[in-house]
Structure formats: structure tokens, C-alpha cells
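This report refers to the structure that appears directly beneath it.
Note that ligands are numbered from 1 as they come in the structure, with each ligand's atoms numbered from 1 the same way. The shown structure was predicted, so the numbers you read here are calculated from the model rather than taken from an experiment.
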Amino acid sequence: MEKEKIILDVDTGSDDAVAIVCAMLSDEIDLLGITTVGGNVELKNTTDNTLRVVEWCGRQDEVPVYMGTELSIAATLVPWGIQGMTLPHREAGGESEFSGIHPDHLPIPAPTMKTQDKRAAIWLVEKLLSMPDHSVTLVPVGPQTNMALAIRSDDRILKKIKRVVMMGGSHNVYYPTQGAEFNVWADPEAVEIVLTSGLDVTMVSLDATSDALLSKEQAAAIRAIGTKPASLVATMIEQRLGGAEGSVDYENKSVGAALHDPLAVCAVVHPEVLTDVWDTSCHIDLGRGMAYGETVLGRNYMLIEGPDGEPQNLPVNCHYARRADSEFFYNWVYDILIKDRDSRTV
Ligand code: RIB
Ligand code: CA
């Protein structure tokens, strides 16, 4: 079966690291390259962390990394905060509960590999224009500044893109504001550019990723695989169990941690992992008020009557994933790591 050609756009962070491992090692995916963006941590660190992961898995000669942008398209937000205010994990020079989940430097060796000379948005345009029509799936799992810049720079790339499977958005579950999800909130205008581009967009939201928790026991089983990639994945799960991404039951017992980004990668090759998908209109609130960056689903024009006299619905432009199959997701991650181990021992 032909592999899915994808480009992964990351703000590496701990769950991005697991997404990179799965995309590199999966025998169902042809990872054309990785682009980096500021987000969980600053651009220099998201880029360094991305290089660390690629080299840790021994893919430095196969997977090129292109540095993208630090700042949002238009938002007053910068990835690590709002002017005059900072996100919890970016207290002025201090550490916070969030720093443990997305450390400036992942706990693996500093890279010797370098980024490619070309910057992300430039490479995206050139690479996509060189590809057959509708052949490449874009998988942004951080703020979507690079994708938006590429689309605005040369819309000829749109026909080269098969679809977009993004990690982002929220409806019932949200962080860091009472209605927004971080990747969208960090660059709302960028996501709206993607959502209004006419591309086929699947939104793997916080609702879905919060449904696919990975547990301490599953992390231990992954660590027992015994390879370097497996040890990194296990560590990334374990460090999220205790932090803001961890979930506890009513007895305050850990029931697992959400790893948002690898679920989006899984959904590219196994859409069946998403068990409740709502085809709806989806837009991002760009007003500079309290709802700035919120995901607005399923609205219609109340004052405009459609052909049947009903309020005119906004066009459907998104497949919004609300639920996910955690067992399927875990088995997908585990199988990738087992196959990788067996391929290393032959
Ligand atoms: O809201 C979750 C998203 O924000 C994930 O992509 C995580 O890595 C952070 O970027
Ligand atoms: Ca991310």
C-alpha cells in the first residue's frame, strides 16, 4: 500500500516529540520533512528539540527540518504569552508546572544535525509545488503560522495538498482560556486562513485528544520495548501524567495523560481512531475580546434565509473530531515501536 506523504509542523514540546517519533517510524507514512514554529517554547527551542528527536531516532539523514516563525501572523499574542502577560509556563524566567511538560530542552542529547538553510514557509511552497496534485497531507500540531504564510504566499500550493489534519480547536474541553485551545489561540488568524482556504480540514480537537489518554502502565509497557525511540515515548507520557495534561479520577488517582499531537498523526493513516466526527462550519473568533482565539462551530446566519426559508447555515468547512478510541491509539503507537525494534534487530 502506498505510504501517506505528510509534512509535520511542530512546536516541540513533549507530545510533538511523540508525534515526530510515530511519523518517522511508521511504515504507513512517508515523512517529507518537518517545519518548526514557536509555541510550547520559543522557536530556537522547539527547533532544537525537533532536531534532538530526529537524531535520537537515527533519522538525521532522512528527515529534513526547516525552521519557521517565532511570532504570530497578526495576533498580539506571541507564542509564549500576550503583551504584558505571559502564559503560566512562561513566567519571567521562572519555572512553573507547565515547564515540566514542555521543557526548553527535551531530556535527550543536544543535536549535532542542523536545520536546512531554507526557512519553513519558503520550503513549504517550493516542496508542495514540486509534488503531484492532491498528494501531500499537512499535519500542523502547533500554531499554524507557517502553513498560513505559505498559503498566502502562493495559493497554487492548495491543489497540491490532499488535506489538512490538524491538532487544535476545542468545544467542550479547553486550555488556556475558557474556550480556546493553545495552537489556535497562539495564532488565531493563521488557523482562520487555513479554515477559509477551501482545503479539506480535519480538526483533532482537545475534546478528542482528552478522550485518548495514555496510562502509566502503558508507558511502562512501551519502555519495556527497550529501544531509544520507545524510551523517549515512555518518558514523554510519564512526565505528562503528573502535570496539567494528566487526568485523575474522583479518588485523585492518575488515569492517564493526553498526548494531543500523535493522535493527529494516527488520524492521518487511521481515521477510524476518531469515533465521533462532526461535519460542520468552523471558524475562529478574531475579535480582540475575551473570546479571541475560540473555536466557533456550527453557526449560521440567523438573519439570512436559506432556500428553504430556514436560517442560512455557514458552509461546512471542517471535520471536527469530538471523540477518539484510546485503545486503538495506544496499540497504534505500540505497534510502530515494536516494528521499529524488530527492524533494528534484523
Ligand atoms: O493544546 C494542545 C496543543 O498545544 C498541543 O499541540 C501541544 O503540543 C501544544 O502545542
Ligand atoms: Ca504541539
Presence of salt bridge, K44 and D48, under 4.0 angstrom: no
Any ion pair linking R322 and D207 (charged N to carboxylate O, less than 4.0 Å)? no
Under the ring-ring contact (aromatic ring centres under 6.0 Å, His included) definition, can you give me all pairs with a residue in residues 104-149, not counting sequence neighbours? Y66-W123
Taking 4.0 angstrom as the limit and counting only heavy atoms of [X], give me the atoms of ligand 1 inside it, by number and element.
X    : result
M167 : 2 (C), 3 (C), 5 (C), 6 (O)
H260 : 2 (C)
D16  : 8 (O)
E181 : 1 (O), 2 (C), 3 (C), 4 (O)
D15  : 5 (C), 6 (O), 7 (C), 8 (O)

Examine the side chains of [X] and [Y] and answer whether a donor and an acceptor come within less than 3.5 Å of each other.
X    : Y    : result
T227 : R344 : no
T209 : H260 : yes
H102 : N45  : no
T46  : T12  : no

Any N or O on N40 sitting closer than 3.5 Å to an N or O of ligand 1? yes
Give yes or no for whether the N/O distance cutoff of 3.5 Å, strictly under, is met between V141 and ligand 1. yes
Take the Ca ion (ligand 2) and tell me which protein N, O or S atoms are nearer than 3.0 Å. D11 OD1, D16 OD1, D16 OD2, V141 O, D261 OD2
For the pair W332 and F329, name the ring-plane relationship: parallel under 30°, tilted 30 to 60°, perpendicular over 60°. parallel
Applying the side chain to side chain contact (heavy atoms under 4.5 Å, CB included) criterion to V139, which one of L31, D9, V265, V164 satisfies it? V265
